[in-house]
Each structure stands twice: as structure tokens, then as C-alpha cells.
Asks: 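Below is one structure. I have some questions about it.
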Amino acid sequence: CLLSRGLGDVYKRQLHDPKLNDLFFWHFHPEYELVYIEGADGIRHVGKHRSNYQQSDLVLIGSNIPHLNFDYGIKTAYRKEVLHISPPFKEQVFKKVQELSEIYTLFEQSQHGIAFHGKTKTIVGEQIKKLHLLSTFDQFIAVIQILKTLASSEEIELLHKQPVYKTLDKKQQQRLQKVYSLSLIHISEPTRQEAIS
């Protein structure tokens, strides 16, 4: 039961301003991830989609979609907020509560990867930066409001035409991360197969 386990433990985990810019972190996880970064120009690499963002970015990443940390390689001062929302919360709350069905649809759509622009990015960016200052209950209310804003926004870009679902196991993920790391480090050099085996 969600209530017996505690809403704060089940529905989300917030990472306030984590700094991973020196780490190539190609990864995936079952949680849905909302990431906001500002004060930087960087790489948006989600699934097979790769593009650059300028100044700021706000992206909702679906469950188990491989992605690169948005601050990889950034050398300037920046701020980043990451919010993880668990699949059980999506299924047991957003799917079953009729008033939250629009948010459930948002999470279904997030399997494409969604980038938000314009006023949506500005408004939600300011809201997500304040989450760590709130009590657990107020965080819960604020997160619902953020998701409602995203669900009703038309300022979106789907990063994939088709939904993306993970096909890699943990061992394959680690091997792929090694391949990508070597590719970026030695981009101008031929890579030997033995180095990535």
C-alpha cells in the first residue's frame, strides 16, 4: 500500500543540484526522470536522440530509457535539478484517480522522451528549483502541480517518433557505457575491438 510505505518514499526522489559534469554517465532506471538544467550549453542524449540545448533544458524521460547526464562535459557554472518518480506511483495513483488521468497520459507519452520549451520551461524550472526547500507534504503538492503544468503544455518536442522501451540488461548497459566513453575520449582515433570487449 502506498500510504503505509509513505508517499515521500514511494513517489519520488529529488536530486538537488547534483554535479556530474566530469562523469560520462550513460544509464537507465525504472523511475521516470524530470531533469532541469540552467546556465549551461550541453548535450541532450536520450535513447537514440542526440541534440544540443542552449542556456537551459527541461526534459521528461520515460521509464528505462537510456540517457546521458545532461551536465556531461560542462565547464561553466550551472544548476541542475533531477526528480525521479516511481512506476508504482504512476500505476497506482495517476492511472486510478480520474482527476489525474491527464498526468497518466503524460507519463505514457514520456516513453518518447519529451523536451519542454517556452513559458512551460521557465515556469516549471522555477518551481522545481524550490522543491528542496519544502516539507514532504508541500513537495508532494508542488510535484502534482508541476506535472499538471507539463501535462497541459503544448510547448513540447517528442524526442522519438515511436516509444522507447529498454532492451538492454545491466551487463549490456555497462558495455555500452564503456563504448560511448571510449568513443568520446578517443573520437579522432581508431578504437580497437579488444578495448571494448
Side-chain angles (χ1 to χ4, degrees), residues 1-20 25 27-40 42 44 46 53 55-65 67 69-71 77-159 163-164 166:
C1 173
L2 285 174
L3 292 177
S4 65
R5 291 170 61 189
L7 287 172
D9 295 331
V10 175
Y11 86 90
K12 63 90 184 166
R13 177 177 71 222
Q14 184 189 9
L15 304 175
H16 169 58
D17 207 16
K19 301 296 186 185
L20 299 173
F25 190 37
H27 63 292
F28 60 83
H29 40 74
E31 295 83 10
Y32 297 84
E33 178 172 306
L34 179 64
V35 57
Y36 175 73
I37 187 166
E38 68 177 14
R44 180 197 296 141
V46 178
Y53 65 85
Q55 299 182 2
S56 65
D57 206 16
L58 177 67
V59 177
L60 180 61
I61 303 168
S63 178
N64 286 320
I65 299 180
H67 55 282
N69 49 308
F70 283 61
D71 56 350
Y78 67 94
R79 179 169 180 172
K80 186 173 73 170
E81 304 290 341
V82 179
L83 185 68
H84 287 169
I85 298 179
S86 70
F89 198 76
K90 172 202 166 194
E91 295 299 324
Q92 296 177 33
V93 177
F94 298 139
K95 187 174 184 178
K96 294 183 178 179
V97 178
Q98 184 177 359
E99 290 79 4
L100 300 177
S101 61
E102 192 177 21
I103 296 176
Y104 179 80
T105 301
L106 171 73
F107 277 94
E108 289 287 284
Q109 194 176 35
S110 74
Q111 290 304 138
H112 296 260
I114 310 172
F116 296 88
H117 305 289
K119 289 182 179 179
T120 302
K121 181 170 66 171
T122 301
I123 292 169
V124 171
E126 289 303 311
Q127 291 174 332
I128 200 171
K129 286 192 297 184
K130 297 173 183 175
L131 283 178
H132 71 284
L133 301 172
L134 303 176
S135 67
T136 302
F137 178 78
D138 288 339
Q139 279 186 3
F140 172 75
I141 299 301
V143 168
I144 297 297
Q145 183 59 57
I146 285 170
L147 294 175
K148 182 178 183 299
T149 299
L150 296 178
S152 60
S153 176
E154 296 181 357
E155 298 175 303
I156 68 171
E157 174 191 354
L158 296 183
L159 303 184
V164 178
K166 178 184 78 73

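Computed from a prediction, not measured in an experiment: that's the story for all the values here.
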Asks: Should the heavy atoms of other residues, nucleotides or ligands under 6.0 Å from NZ of Lys119 be counted, would the total exceed 12?
Replies: no
Asks: Taking atom OH of Tyr32 and atom CD1 of Ile65, what is their separation to the nearest 0.5 Å?
Replies: 9.0 Å
Asks: Search all heavy atoms of Ser86 against all heavy atoms of Glu31 and return the closest pair with its distance.
Replies: CA-CG, 4.3 Å
Asks: With rounding to the nearest 0.5 Å, note down the distance linking NZ in Lys80 to CG in Asn69.
Replies: 5.5 Å
Asks: Ring-plane angle category for Phe107 and Phe94, please: parallel below 30°, perpendicular beyond 60°, tilted otherwise.
Replies: parallel
Asks: Please name the residue in the list Val46, Val82, Asp71 that meets the side-chain contact (heavy atoms from CB on, under 4.5 Å) test with Val35.
Replies: Val82
Asks: Run Leu106 and Leu147 through side chain to side chain contact (heavy atoms under 4.5 Å, CB included) and show every step you take.
Replies: CA-CA 8 Å; Leu106 171 73; Leu147 294 175; 4.3 Å; yes
Asks: Rounded to the nearest 0.5 Å, what's the gap from CZ on Phe116 to CD on Glu155? Could you check?
Replies: 10.0 Å
Asks: Which is it for Tyr36 and Lys121 under the side chain to side chain contact (heavy atoms under 4.5 Å, CB included) test, yes or no, and what are the steps along the way?
Replies: CA-CA 8 Å; Tyr36 175 73; Lys121 181 170 66 171; 4.2 Å; yes
Asks: Restricting to side chain to side chain donor-acceptor pair (under 3.5 Å), what partner residues turn up for Lys129, sequence neighbours left out?
Replies: Glu38, Glu126
Asks: Working to the nearest 0.5 Å, report the span between CD1 of Ile156 and OG1 of Thr120.
Replies: 9.5 Å
Asks: How would you list, by chain and number, every residue that makes a salt bridge (charged side-chain N to carboxylate O under 4.0 Å, His left out) with Lys130, sequence neighbours excluded?
Replies: none
Asks: List the steps, then state whether side chain to side chain contact (heavy atoms under 4.5 Å, CB included) holds for Val59 with Leu159.
Replies: CA-CA 10 Å; Val59 177; Leu159 303 184; 4.2 Å; yes
Asks: I need the Gln145 CD to Leu150 CG distance, nearest 0.5 Å.
Replies: 10.0 Å
Asks: Testing the basics here: between Gly39 and Tyr78, what is the closest heavy-atom pair and its distance to 0.1 Å?
Replies: O-CB, 3.9 Å
Asks: What distance do Phe70 atom CZ and Asp57 atom CG have between them, rounded to the nearest 0.5 Å?
Replies: 5.5 Å
Asks: Which pair of non-hydrogen atoms, one from Pro87 and one from Pro30, has the smallest distance, and what is that distance?
Replies: CG-O, 3.1 Å
Asks: Taking only residues two or more places apart in sequence or in another chain, which ones pass salt bridge (charged side-chain N to carboxylate O under 4.0 Å, His left out) with Lys90?
Replies: Glu108
Asks: Determine, step by step, whether Ile146 and Leu34 satisfy the side chain to side chain contact (heavy atoms under 4.5 Å, CB included) criterion, reporting the C-alpha distance in whole Å, the side-chain angles of both residues, the deciding distance to 0.1 Å, and the verdict.
Replies: CA-CA 10 Å; Ile146 285 170; Leu34 179 64; 3.9 Å; yes
Asks: Would Lys96 count as a cation-pi partner of Tyr104, with NZ or CZ less than 6.0 Å from the six-membered ring centre and within 45° of the ring normal?
Replies: no
Asks: Mind checking whether His27 and His29 have parallel, tilted or perpendicular rings, split at 30° and 60°?
Replies: tilted
Asks: Any donor and acceptor pair, going by atom type alone, linking the side chain of Lys148 with main-chain N or O of Glu102 inside 3.5 Å?
Replies: no
